[in-house]
Every structure is written in C-alpha cells, then in structure tokens.
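All values reported here derive from a predicted model rather than from experimental measurement. Each ligand, and each atom within it, is numbered from 1 in the order the structure gives.
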Amino acid sequence: MAKVTTVVIPAAGVGTRLFPASKAIPKELFPIGDRPAIQYNVEEAYQAGIRRVIFVINPYKEHILYHFLPNERVYRQLKHKRQLEALEQLKELETKMEFETVIQYNPHGLGHAIHVCKNRIPKDEWFAIMLGDEIVFPETTPPLKRLVDNAVEHDGCSISLLPVPDEHVNRYGIIGGEELNHDDGLWRVDTLVEKPALEDAPSRMAITGRYVVPATIFDAFDDIGPDARNEIQLTPALQALTKDYPFHGLVLKGERLDIGNPEGLAQANMAWLRRYGQTNG
Ligand code: G1P
C-alpha cells in the first residue's frame, strides 16, 4: 500500500440527542475546551499524515467546512491582537490540508455515508474513516497514526477497538478474532457483528470510530442491503474485507469521548479541563 492521504469523516446526522443545541449549529462544531470537537479529529488525521479531508454532511451543515477555510479577516485580527500561536495552529491545518464536502441527502446509516464518497476516492487507494462525534485524547501516539502505520506495515485493514462491559455490547460493532500482542493491543480480526445481543457477541471488544480500509470497500456495498431499521451499516462491508485482506484491530490507548449526547459533551469538556486547562489559562 502506498500512503494513506484521505480521511472521510461522516458528520451528516441531525444530532437529535443534542437537540435543541444542535438545531442550527452542527454538534461537531460544539466547543471542547478552546476548539470545535471536529478539529481534534482533523488534527489527529494531520498527525497521521493525512492531507485530504472529506466531510459527509447534510445540506445544513456546511459550517463544518467554513471552519477550515482560510479567512484573511480573522488572520488580521489575530495578528493585531498578537495571538500568534493560535494563528499559526489554524493556518497550518488550513494551508496544508484540503477540505471538501459530500452531501448525504437521505441519511441511511453509516455504511451509506461512506458509500456516497465512492466517486471521490480512486479505486487503488486506501483511506481512513473517523466518526465525527468521537474524539480521543491520546496517551502517546495518536490512535489514527497507529492504525495507518499498522495498515501500511501489514498491507491490510486496521480498526480501533475498546473493551466494553456486557451491558454495552449491543451498542457497538463487536469483533471476533485473536489477540496477537497484549502489550501492543494488537488483534487479528475475522468476525465483525453490528450491535449483537450479548449471547451472540464474539467478544467484548467494540469497534470505535477509526478505520483504515481500501477503496474496494465500495464494491462490498453492492451485496449489502438495509438492516431492520432500514440503514446500511458499515460493519458488514468490513466483514467482507476480512476475506481479501489481513485485518487487525488495535486497542485504543487514550481517553475516548463521545460528544454526541449532553453527558458525553460535558464529560469531554471536563476531560479537556483536567488535561489542558492549566496551560491554556
Ligand atoms: C457506529 C458503528 C458501530 C461502532 C460505533 C462506534 O454505531 O455502526 O459499529 O461500534 O459507531 O461508536 P453508531 O454509534 O453510529 O450507532
């Protein structure tokens, strides 16, 4: 595999769990500490060597893109006010990365959100996926960089994992496979089941919001119909890839924050305060 240079960030959901806050402002732009939630994911992608970001949005969420577009007026103000560090940080992302949107007109699930990007990614490329409402404050190496490095090393797929308690198993995609290296948190994955009942779950290892996959995943959707809730899921497409590629999971090292509900958003801000609050004043 050559380099992984593109990330797809599905962010088309209307954010019902954060209503009414999310009515006019995309939840992905809600602040965690000093920056919008989605900027953490974009920064993590940048640290993983990614330079092209595709946001999958609905027609009312264009502001996600605006946040990353160069804005000379803002630059002038920041310069005038001598906020040079913030200016440099922002400019680095804006000038070194390319941002684009794909509109998902009728949301039909996570798999569908990925599938609408089919014509944007060359057939022979590999790309990353990061879910827009999950951010991670990493322990050491940013999680997406670990996935990209692993994918390149093995010429295969990588996903991020986290052990979950029994009562949360039916909220996640759950993997089956074999732990290859406990210290590295490395798993070989052969089974992926979307939100199984506890008795059907192949393990307690949940898929979290980061993936590295080949563009051939788009073909896998040809054989995947909608589920009972009329949604096309990503998990069956991942299962299809296990037939053709080495497939690994890496247990997340860091603090995973789900900002898609009020409690998660508040917890993310408290985590930010604990971690970065002092230095940011
Ligand atoms: C999605 C995926 C699921 C994954 C989860 C991680 O579910 O379908 O496999 O475990 O994200 O947060 P959702 O949370 O969109 O229902």
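Residue Glu194 has at least one nitrogen or oxygen atom sitting less than 3.5 Å from a nitrogen or oxygen atom of ligand 1, judged on distance alone.
Nearest residue to atom 4 (C) of ligand 1 from Leu234, Asp258, Ile207 is Ile207 (criterion: closest heavy atom).
Under the 6.0 Å distance and 45° angle rule, Arg188 does not count as a cation-pi partner of Phe247.
Of all heavy-atom pairs spanning Arg210 and Pro143, the tightest one is CD-CB, 4.0 Å.
Atoms of ligand 1 found under 4.0 Å from any heavy atom of Leu131, numbered from 1 in the order shown, are 11 (O). Listed by atom number, the atoms of ligand 1 under 4.0 Å from Lys195 heavy atoms are 7 (O), 13 (P), 16 (O). Shown in contact with Glu134 at under 4.0 Å from a heavy atom are these atoms of ligand 1, numbered in order with element: 6 (C), 12 (O). Near Leu110, with a cut-off below 4.0 Å to any heavy atom, the atoms of ligand 1 are 1 (C), 2 (C), 8 (O). The Thr235 neighbourhood of ligand 1 comprises atoms 9 (O), with distances under 4.0 Å to a heavy atom of that residue. In summary, the atoms of ligand 1 found under 4.0 Å from a heavy atom of Gln233, numbered by their order in the structure, are 8 (O).
Without hydrogens or angle criteria, Ser22 side chain to Gly15 main chain gives a donor-acceptor distance under 3.5 Å. A donor-acceptor contact shorter than 3.5 Å is absent between the side chain of Asn41 and the backbone of Ala37.
Applying the 6.0 Å contact sphere to CD1 of Ile25 captures no more than 12 heavy atoms from other residues, nucleotides or ligands. Within 6.0 Å of OH on Tyr75 lie more than 12 heavy atoms contributed by other residues, nucleotides or ligands.
Applying the salt bridge (Lys or Arg N to Asp or Glu O under 4.0 Å) test to residues at least two apart or on different chains, the pairs with a partner in residues 107-132 are Glu100-Arg120.
Contacts between Arg256 and ligand 1 below 4.0 angstrom, taking non-hydrogen atoms only, involve the side chain exclusively.
For atom 8 (O) of ligand 1, the nearest protein heavy atom lies closer than 4.0 Å. Remark: atom 12 (O) of ligand 1 lies closer than 4.0 Å to at least one protein heavy atom.
Ring centers of Tyr245 and Trp126: under 6.0 Å apart, within the cut-off.
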